[in-house]
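This report concerns only the one structure given below.
Naming: A, B, ... by sequence-line order, numbering from 1 per chain. Remember, it's a predicted structure, so these values are computed and weren't measured experimentally.
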Number of protein chains: 2
Amino acid sequence: MTKSRAQTTQKKQQASSTPQGPCPMPSIARLIGGKWKLIILQILIFNGTKRFNELRRSIDGITQTMLTNQLRALEADGLIARRIYPEVPPRVEYSATARAMDLQDMFLAMHKWWVDGEKGGDNP
Amino acid sequence: MTKSRAQTTQKKQQASSTPQGPCPMPSIARLIGGKWKLIILQILIFNGTKRFNELRRSIDGITQTMLTNQLRALEADGLIARRIYPEVPPRVEYSATARAMDLQDMFLAMHKWWVDGEKGGDNP
DNA sequence: AACAATAGTATCAATTTTCGTACTACGTAC
DNA sequence: GTACGTAGTACGAAAATTGATACTATTGTT
């Protein structure tokens, strides 16, 4: 099924509640879950704006279909901005939005956790 | 397919490399990806040890099949400890391991990010 | 005897995610 | 004329994830 651009991928939230309101983990799982979203976001957040094939070459194993799908979903969720230059051949640039840039702490925490695990030999 | 207990779910890592070594994002995606793992881990990390049906009742929409599957996978990855008491009816307790407890910063960063998004009206 | 709780297992089905491959139009290089 | 790069589209297939449902043995309660 082809979704129109900018249509949210998120369904009505059914997360259990906490005193601070609905628990965000199911929503966050939908936003950054899947095989490729974390690495795409990490690249755009920490390495800046990239074009389609730069991303494709940076990510081992991803297909162009999947890259397109994931970029569209991330754009729909407001985490990526897509900028088209009216040129030939086509030039399209992808950037992390401000909202995505605010995920830096999460990525740093993940990375630190992994590195600590490497040192302790605890990583799966 | 039924996996034996404690057998890792992780396939050979194919992540692209960084100057600091292989990029951990694909591995982290496999560890905490999927629909239910984040919320299971969050509950066990922040609310302490739970039994099976306590978890089941805490999480809206999860089926017993999925809860069992996800607990097994998390245990296999060393993020959850499962303790069986030889009682009738059965008493099984699930806890976050030390390794999982080290994910608190990641969860706090995620939660803060979401709460900031709620305030700014930016959440999908 | 019936019901409930416990923590699942087993099996099949449904849904979602990911992949594979052929194709597109244009400009440039050879 | 052919090949390449660009950033995809289209469509069907495969794989993975998630769900639905019936069932299990034991104890305790009514």
Heavy-atom distance under 4.5 Å between the side chains of [X] and [Y], does that happen here?
{"X": "A:Tyr94", "Y": "A:Glu54", "value": "no"}
{"X": "B:Phe46", "Y": "B:Leu108", "value": "yes"}
{"X": "B:Arg99", "Y": "A:Asn123", "value": "yes"}
{"X": "B:Trp114", "Y": "B:Glu118", "value": "yes"}
{"X": "A:Met106", "Y": "B:Trp113", "value": "no"}

How many whole angstroms separate atom [atom1] of [X] from atom [atom2] of [N]?
{"X": "A:Leu67", "N": "D:dG8", "atom1": "CG", "atom2": "P", "result": "8 Å"}
{"X": "A:Arg83", "N": "D:dA7", "atom1": "CZ", "atom2": "P", "result": "15 Å"}
{"X": "B:Glu75", "N": "C:dA7", "atom1": "CD", "atom2": "P", "result": "15 Å"}
{"X": "B:Leu71", "N": "C:dT9", "atom1": "CG", "atom2": "P", "result": "11 Å"}
{"X": "A:Leu55", "N": "D:dG8", "atom1": "CG", "atom2": "C1'", "result": "13 Å"}

NA contact type, B:Tyr85, heavy-atom cut-off 4.0 Å: base, sugar-phosphate, or nothing? nothing
Is there a side-chain contact (heavy atoms from CB on, under 4.5 Å) between B:Arg56 and B:Gln64? Walk through the geometry before answering. CA-CA 7 Å; B:Arg56 192 174 172 195; B:Gln64 66 182 33; 3.2 Å; yes
Taking all atoms of both residues into account, what is the closest heavy-atom pair of A:Ala29 and B:Lys35, and its distance?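 Looking at all heavy atoms of both residues, the shortest contact is CB-O, 4.3 Å.
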Counting only side-chain N and O atoms of B:Arg56, is one of them less than 4.0 Å from OP1 or OP2 of C:dT6?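 For C:dT6, OP1/OP2 do not have a side-chain N/O of B:Arg56 under 4.0 Å.
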Within the structure, does a side-chain N or O atom of A:Arg30 lie under 4.0 Å from either OP1 or OP2 of C:dT17? no
Is it the case that more than 12 heavy atoms not belonging to B:Arg83 sit under 6.0 Å from its CZ atom? no
Within the sub-3.5 Å range, which N or O atoms of nucleotides 2-6 of chain D have a protein N or O partner, and how far apart are they?
residue, atom, partner, partner atom, Å
D:dT6, OP2, A:Asn53, ND2, 3.2
D:dT6, OP2, A:Arg57, NH1, 3.3
D:dT6, O3', A:Arg51, NH2, 3.3
D:dT6, O3', A:Pro90, O, 3.2

Among B:Asn69, B:Thr63, B:Ile62, side chain to side chain contact (heavy atoms under 4.5 Å, CB included) partner for B:Trp36: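 When side chain to side chain contact (heavy atoms under 4.5 Å, CB included) is applied between B:Trp36 and each of B:Asn69, B:Thr63, B:Ile62, only B:Ile62 qualifies.
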Readout for nucleotides 17-24 of chain D: B = base within 4.0 Å of protein heavy atom, S = sugar-phosphate only, - = neither; 5' to 3' it is -BSBBB--
